[in-house]
Protein chains: 2
Amino acid sequence: MRDRRAERREATKAEILDAAWELVRAEGLATLSLRDLARKVGMQAPSLYSYFESKHAIYDAMFLQGNLELLRRYEALPEFDDPVDEFRSNARLFVGFTVEDPARAQLMFMRSIPGFEPSAETYGVAVRIVERGRERFKKLGVTKPEHFDLWTGIVSGLAFQQIANEPDTERWTRLADEAVDMFLGHINTKRGRAK
Amino acid sequence: MRDRRAERREATKAEILDAAWELVRAEGLATLSLRDLARKVGMQAPSLYSYFESKHAIYDAMFLQGNLELLRRYEALPEFDDPVDEFRSNARLFVGFTVEDPARAQLMFMRSIPGFEPSAETYGVAVRIVERGRERFKKLGVTKPEHFDLWTGIVSGLAFQQIANEPDTERWTRLADEAVDMFLGHINTKRGRAK
DNA sequence: CGTGAATCCCTAACAGCGTTAGGTTCTACG
DNA sequence: CGTAGAACCTAACGCTGTTAGGGATTCACG
């Protein structure tokens with residue numbers, strides 16, 4: 001039989017998280033206050049503690065949601081005949097994910113909440129995302145680990161640069177595509193020389 | 001005649017900022033509290049307000065110091081015969097600057113203090129640093145503005161990646177050098193094709 | 001030298017924060 | 001219908017940045 005209580009509880013948790021995302025998107029990540037959040041869902045601040053054990057736990061749940069969403073998108077990427085297309089779509093996916101919600105990116109990729117450390121579960125998903133990328137890279141023939149670091153550095157660098165200034169989609173896609181060309185050009189040259 | 005009062009005042013301001021840097025390096029950027037800071041210089045918290053009009057003003061002064069230091073280092077770079085060396089030393093300078101004091105980098109390059117906006121003066125120095133880079137780029141034959149953005153994206157991306165993990169100097173210098181090779185290879189290829 | 005002004009630093013306090021303690025109201029099941 | 005427990009409340013604690021206002025020290029000047 002359905003546990004209606006548990007269902008309602010989960011629904012309320014989801015409602016709190018939705019409200020938190022809204023506030024965070026509107027007012028900024030670190031500006032989020034439990035009293036504001038509680039008011040938005042029609043509660044008093046301490047009542048939130050029956051759903052989350054702390055403010056950090058809320059951030060953690062949001063972090064987890066963000067990671068799951070990002071992983072989902074990576075896994076939803078179509079298969080490409082040309083590896084160049086795969087690199088391109090990967091880069092665009094990440095920069096797009098960052099630009100479309102800078103507060104989320106700040107939570108997930110910059111360590112901008114003072115004492116916050118993600119839980120093991122949340123961290124696990126983040127690791128899975130990176131591992132997935134590493135594996136795809138291997139299958140595409142990029143085997144040196146430094147090249148993966150170079151890649152993540154470039155892509156995240158472009159992403160953060162975009163949210164630092166006012167991001168312009170047409171502009172950053174062009175930049176991202178050029179970065180991909182640059183990167184692939186580089187590793188192909190090295191392969192060429194190695195032969 | 002010397003204005004002893006003004007001198008003492010400036011000395012105290014400097015002392016406060018030094019203490020702030022120490023606390024920030026030890027405990028983190030956002031963890032800095034005025035009461036802790038005041039205690040470290042032997043005052044009560046409200047007394048700080050006769051030297052800085054707010055906590056943000058302290059961050060701003062630190063931001064300014066950081067920018068002046070970075071500009072100073074850029075200007076202290078020796079002239080190189082080979083442009084490759086100039087790119088290399090530029091990249092190493094920035095990543096090194098970031099890695100040696102992550103809290104400072106967080107203050108200067110990531111927007112991690114909630115309501116903080118740099119003053120016009122502070123912002124001006126930051127702009128001068130970027131402009132200086134742009135000019136050097138032009139003189140070295142890199143004229144397309146997108147290529148400058150690509151460059152700053154790559155370099156800052158690598159820098160932030162390093163402070164996110166535990167930075168290893170030997171490792172990041174290698175990565176930075178390879179990134180420079182990649183970047184120069186890319187723009188040279190494009191120039192070659194264009195001819 | 002004495003005096004007025006300016007500077008320096010203090011205590012007390014306010015509103016907001018995350019959080020804890022403890023109590024009340026509602027709800028769903030035996 | 002009675003009762004266990006979930007859901008939510010109010011009050012309060014210690015922290016934060018910040019303001020108000022007062023006492024002590026220091027300096028320049030008549």
Side-chain angles (χ1 to χ4, degrees), chain A residues 1-20 23-24 26-63 103 107 112-119, chain B residues 1-20 23-24 26-63 103 107 112-119:
Chain A
M1 184 191 162
R2 285 168 50 196
D3 188 342
R4 308 184 63 94
R5 278 232 253 250
E7 279 175 23
R8 207 171 94 84
R9 196 179 157 76
E10 285 312 305
T12 307
K13 268 182 113 163
E15 193 189 336
I16 293 172
L17 289 179
D18 288 349
L23 284 174
V24 151
E27 311 284 346
L29 184 64
T31 313
L32 177 68
S33 102
L34 292 188
R35 283 171 173 86
D36 287 350
L37 177 54
R39 182 151 24 86
K40 201 172 171 76
V41 297
M43 290 183 183
Q44 296 294 329
S47 303
L48 296 173
Y49 280 76
S50 41
Y51 295 96
F52 298 94
E53 67 179 3
S54 69
K55 191 185 184 184
H56 281 171
I58 295 179
Y59 281 132
D60 190 62
M62 296 169 79
F63 196 162
L107 172 63
S112 72
I113 308 286
F116 171 66
E117 290 293 326
S119 66
Chain B
M1 180 192 164
R2 282 169 52 195
D3 187 343
R4 308 184 60 93
R5 281 233 252 247
E7 280 176 25
R8 211 170 88 85
R9 194 181 161 75
E10 286 312 305
T12 307
K13 268 181 115 164
E15 193 189 336
I16 292 171
L17 289 180
D18 288 349
L23 283 175
V24 151
E27 312 284 348
L29 184 64
T31 313
L32 178 67
S33 104
L34 292 187
R35 283 170 174 87
D36 287 350
L37 178 55
R39 181 151 25 87
K40 201 172 171 75
V41 296
M43 291 183 180
Q44 296 294 328
S47 303
L48 296 173
Y49 281 76
S50 41
Y51 296 96
F52 297 95
E53 67 180 1
S54 68
K55 189 184 185 185
H56 281 170
I58 296 179
Y59 281 132
D60 189 62
M62 297 169 79
F63 196 163
L107 173 63
S112 73
I113 306 286
F116 170 67
E117 290 294 325
S119 66

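Proteins come first, then strands; the chains are lettered A, B, ... in the order of their sequence lines, and each starts at number 1.
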| field | 5'-most by nearest nucleotide on DNA chain C - B:Pro46 or B:Thr12 | value |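 Its nucleotide being nearer the 5' end, the pick is B:Thr12.
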Short side-chain N/O contact to [N] OP1/OP2 from [X], under 4.0 Å:
X       : N     : result
A:Ser47 : D:dC9 : yes
A:Arg9  : D:dA6 : no
B:Ser50 : C:dC9 : no

Hey, could you give me the [atom1]/[atom2] distance between [X] and [Y], rounded to the nearest 0.5 Å?
X        : Y        : atom1 : atom2 : value
B:Leu107 : B:Phe116 : CG    : CZ    : 5.5 Å
A:Ile113 : B:Ser112 : CD1   : OG    : 10.0 Å
A:Met43  : A:Leu37  : CE    : CG    : 9.0 Å
A:Met62  : A:Ile16  : CE    : CD1   : 12.0 Å

| query | Which nucleotide in the set D:dT10, D:dA7, D:dT18 lies at the smallest distance from any side-chain heavy atom of B:Lys55? | reply |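 Nearest listed nucleotide: D:dT18.
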| Proximal nucleotide (of D:dT16, C:dC9, C:dG18) relative to the B:Ser33 side chain |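 For the B:Ser33 side chain, the nearest candidate turns out to be D:dT16.
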| request: For B:Leu34 and for A:Met43, locate the closest nucleotide of DNA chain D by heavy-atom distance; then report the residue assigned to the nucleotide nearer the 5' terminus. | output: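 The residue closer to the strand's 5' end, by nearest nucleotide, is A:Met43.
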| Polar pair under 3.5 Å, donor/acceptor by atom type, side chain A:Arg35, base C:dG18 |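 When only heavy-atom distances are counted, A:Arg35 does reach the base of C:dG18 through a donor-acceptor pair under 3.5 Å.
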For [X] and [N], what is the distance between atoms [atom1] and [atom2] respectively, to the nearest whole Å?
X       : N      : atom1 : atom2 : value
A:Leu48 : D:dC9  : CG    : P     : 9 Å
B:Arg8  : C:dC9  : CZ    : C1'   : 10 Å
A:Ile58 : C:dC17 : CD1   : P     : 14 Å
A:Asp36 : C:dA15 : CG    : P     : 17 Å
A:Arg39 : C:dG18 : CZ    : P     : 12 Å
B:Lys13 : C:dC9  : NZ    : C1'   : 17 Å
A:Tyr49 : D:dT10 : OH    : C1'   : 16 Å
B:Gln44 : D:dG23 : CD    : C1'   : 15 Å

| task | For A:Tyr51, answer base if it contacts any base atom (sugar-phosphate contacts may also be present), sugar-phosphate if it contacts only those atoms, and nothing otherwise; contact means non-hydrogen atoms under 4.0 Å. | result |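 Sugar-phosphate contact only - A:Tyr51 comes under 4.0 Å of backbone atoms but never of a base.
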| request: Would you classify A:Leu37 as touching base, sugar-phosphate or nothing, given that sugar-phosphate means primed atoms plus P, OP1 and OP2, and contacts are heavy atoms under 4.0 Å? | output: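 A:Leu37: no heavy atom of the nucleic acid under 4.0 Å.
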| task | Could you please spell out the steps behind the side-chain contact (heavy atoms from CB on, under 4.5 Å) verdict for A:Ile58 and A:Leu34? | result | CA-CA 10 Å; A:Ile58 295 179; A:Leu34 292 188; 3.9 Å; yes
